[in-house]
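First comes the structure, then the notes that go with it.
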Amino acid sequence: MYKRQDPDTAVDALRGQYVYLLGIGDLERNFYCALARRMGFGDEIAVMRERLAAGDRAGAAAAVPPDLIDRTALVGPVPRIAERMRAYADAGVTTLGVMVSAAATSLDGRLEILAAAAEALELSGTAG
């Protein structure tokens, strides 16, 4: 979950985290790479991994498909996040994780992310 008013800005802010997760270990055994392939992003992830292996971290981040991030992260304004939480609940999801990275934001930023997650949960009507 990453709260920004503009989903595209939030997607870009998460690229580094996706490079990290998609770049761990063997391409064929990496859970996140397997998920990306199942979602139809296999070619893009192969390019990302090639750039990462060549030491081009910025190029690797640029190769992560924005749609992959948007489809696997809760980004954007609180009402959009709440709508996505409701959709996950309707699909049977009972647990969502909130990533709050100390490396990616300040203490105030982390608290903002948690507050937005709590507000979105309440707005979604799925709080138990």
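The shown structure was predicted, so the numbers you read here are calculated from the model rather than taken from an experiment.
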Over all atoms of both residues, closest heavy-atom pair of [X] and [Y]:
{"X": "L14", "Y": "M99", "answer": "CD2-CE, 3.8 Å"}
{"X": "P7", "Y": "G76", "answer": "CG-CA, 4.0 Å"}
{"X": "R49", "Y": "C33", "answer": "NH1-SG, 3.8 Å"}
{"X": "A82", "Y": "A120", "answer": "CB-O, 3.3 Å"}
{"X": "M85", "Y": "L74", "answer": "CG-CD1, 4.0 Å"}
{"X": "A60", "Y": "M48", "answer": "O-CG, 3.1 Å"}

Remaining members of the apolar cluster that contains L107, side-chain heavy atoms under 4.5 Å: L111

Measure the spacing between [atom1] of [X] and [atom2] of [Y] and express it to the nearest 0.5 Å.
{"X": "L52", "Y": "L27", "atom1": "CG", "atom2": "CG", "result": "11.5 Å"}
{"X": "D12", "Y": "I69", "atom1": "CG", "atom2": "CD1", "result": "7.5 Å"}
{"X": "L35", "Y": "L21", "atom1": "CG", "atom2": "CG", "result": "11.0 Å"}
{"X": "E44", "Y": "M39", "atom1": "CD", "atom2": "CE", "result": "11.0 Å"}
{"X": "L22", "Y": "I45", "atom1": "CG", "atom2": "CD1", "result": "4.5 Å"}

Mind checking salt bridge (charged side-chain N to carboxylate O under 4.0 Å, His left out) for D70 and listing every partner two or more places apart, or none if nothing turns up? R80, R84

Spell out, yes or no, whether V11 and V47 are grouped together once hydrophobic residues are joined by side-chain heavy atoms under 4.5 Å, including indirect joins. no

Using the side-chain contact (heavy atoms from CB on, under 4.5 Å) rule, take V100 and V98 through it: C-alpha gap first, then chi angles, then the decisive distance, then the call. CA-CA 6 Å; V100 183; V98 178; 3.8 Å; yes

Taking [atom1] in [X] as the centre, count heavy atoms belonging to other residues, nucleotides or ligands within less than 6.0 Å. Is the count above 12?
{"X": "Q17", "atom1": "CD", "result": "yes"}
{"X": "D56", "atom1": "CG", "result": "yes"}
{"X": "Y88", "atom1": "OH", "result": "yes"}

Check against side-chain hydrogen bond (donor to acceptor under 3.5 Å, both in side chains), Y18 and T72: CA-CA 10 Å; Y18 275 70; T72 57; 2.6 Å; yes

Please step through side-chain contact (heavy atoms from CB on, under 4.5 Å) for the pair R57 and Y20, ending with a clear verdict. CA-CA 10 Å; R57 195 161 195 75; Y20 172 73; 4.3 Å; yes

Keeping the roles fixed (side chain from R15, backbone from A61), state whether a donor-acceptor pair exists under 3.5 Å. yes

Got a donor-acceptor contact below 3.5 angstrom from the R51 side chain to the A58 backbone? no

